[in-house]
Amino acid sequence: EVQLVQSGAEVKEPWESLKISCKASGYSFTSFYIAWVRQMPGKGLEWMGIIYPGDSDTRYSPSLQGQVTISADNSISTAYLQWGSLKSSDTAMYYCVRHDPRSGYYFDYWGQGTLVTVSS
Amino acid sequence: QSALTQPASVSGSPGQSITISCTGTSSDVGAYSYVSWYQQHPGRAPKLMIYDVSNRPSGVSNRFSGSKSGNTASLTISGLQAEDEADYYCSSYTSRNTWVFGGGTKVTAL
């Protein structure tokens with residue numbers, strides 16, 4: 001069974017750093033892309049970026065380039081989303097999602113979400 | 001990159017059919033047959049309902065169907081049921097090798 005299990009909710013202050021995780025199981029981690037999707041409170045979905053663990057190819061939304069870092073550790077089948085300096089506007093639910101490059105351009109499995117709250 | 005345009009809300013009586021539109025540009029919706037639709041119930045993660053414009057994943061009711069004409073894609077829910085009440089988002093692959101989502105549509109069964 002394919003599963004994407006995300007790390008727990010985080011409460012941080014502005015300027016702090018943060019790294020959240022997404023552990024994959026039930027499939028070959030290096031053969032599928034993992035993307036991150038943001039949902040700010042009461043708002044819609046926003047695609048943030050994507051990584052192919054097979055070769056670490058990474059792409060970012062032009063609007064978020066430089067604000068976050070996406071990475072992966074193939075040894076533990078885990079993808080990460082990282083901030084160097086959080087802002088209050090980073091408060092949101094973050095989902096990791098899987099993309100199969102062989103079958104189309106959609107996201108077939110979603111993690112349960114990680115709620116990040118940034119407040120002083 | 002601008003979000004795809006969806007109506008904020010659509011409603012219908014149980015048993016009726018409703019259609020949600022999703023308008024993009026020639027760089028996303030109009031460029032490829034890579035439009036997908038996601039259903040999100042309150043407090044839950046989104047769920048894939050339609051991919052590649054009109055294909056249903058295994059387990060999704062055949063009451064859900066998708067289509068596309070030019071820069072506009074559509075999701076139709078036939079025989080609307082109370083359980084269909086949710087937010088629906090369209091998404092498209094883009095010519096910049098990125099993805100873009102729509103703003104979301106709240107579906108209400110009156």
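The figures that follow rest on heavy atoms only: side chains count, while hydrogens, waters and symmetry mates do not. Bear in mind that the values here come from a model prediction, so they are computed numbers and not experimental data. Residue numbers start from 1 in every chain, and the chains themselves are labelled A, B, ... in the order their sequence lines are given, proteins ahead of strands.
If you chain together hydrophobic residues whose side chains sit under 4.5 Å apart, A/Tyr52 and A/Ile34 never meet in one group. When the side chains of ILVMFWY residues are joined at heavy-atom separations under 4.5 Å, either directly or via intervening members, A/Tyr33 and A/Tyr94 end up in two distinct hydrophobic clusters. Linking Ile, Leu, Val, Met, Phe, Trp and Tyr residues whenever their side-chain heavy atoms come within less than 4.5 Å places A/Ile70 and A/Leu86 in a single cluster. Note on A/Ile50 and A/Ile20: separate hydrophobic clusters, where clusters join Ile, Leu, Val, Met, Phe, Trp and Tyr whose side-chain heavy atoms are under 4.5 Å apart, directly or indirectly. Under the 4.5 Å side-chain heavy-atom criterion for Ile, Leu, Val, Met, Phe, Trp and Tyr, B/Met49 and B/Val100 are members of the same hydrophobic cluster.
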- Check the pair A/Arg59, B/Asn97 against side chain to side chain contact (heavy atoms under 4.5 Å, CB included), reporting the backbone distance first and the verdict last. CA-CA 8 Å; A/Arg59 279 172 270 155; B/Asn97 297 324; 3.4 Å; yes
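Note: A/Trp47 and B/Trp99 have tilted aromatic rings, judged against thresholds of 30 and 60 degrees for the angle between ring planes.
With sequence neighbours excluded, no residue forms a side chain to side chain donor-acceptor pair (under 3.5 Å) with A/Asp55.
Both the backbone and the side chain of B/Pro46 come within less than 4.5 Å of a heavy atom of chain A. Heavy atoms of A/Tyr60 lying under 4.5 Å from chain B belong exclusively to its backbone.
Note that CD1 of B/Ile50 is 12.0 Å distant from OH of A/Tyr106, once rounded to the nearest 0.5 Å.
B/Arg44 approaches A/Tyr95 most closely through the heavy-atom pair O-OH, 3.5 Å. What you find for B/Tyr38 and A/Phe107 is that their closest heavy atoms are OH-N, 2.9 Å. The minimum heavy-atom distance linking A/Gly111 with B/Ala45 is given by the pair O-CB, 3.4 Å.
Top candidate by heavy-atom pairs under 4.5 Å with chain B, chosen from A/Val97, A/Val37, A/Asp108, A/Leu45, is A/Leu45.
The shortest side-chain heavy-atom distance between A/Gln39 and B/Gln40 falls under the 4.5 Å cut-off.
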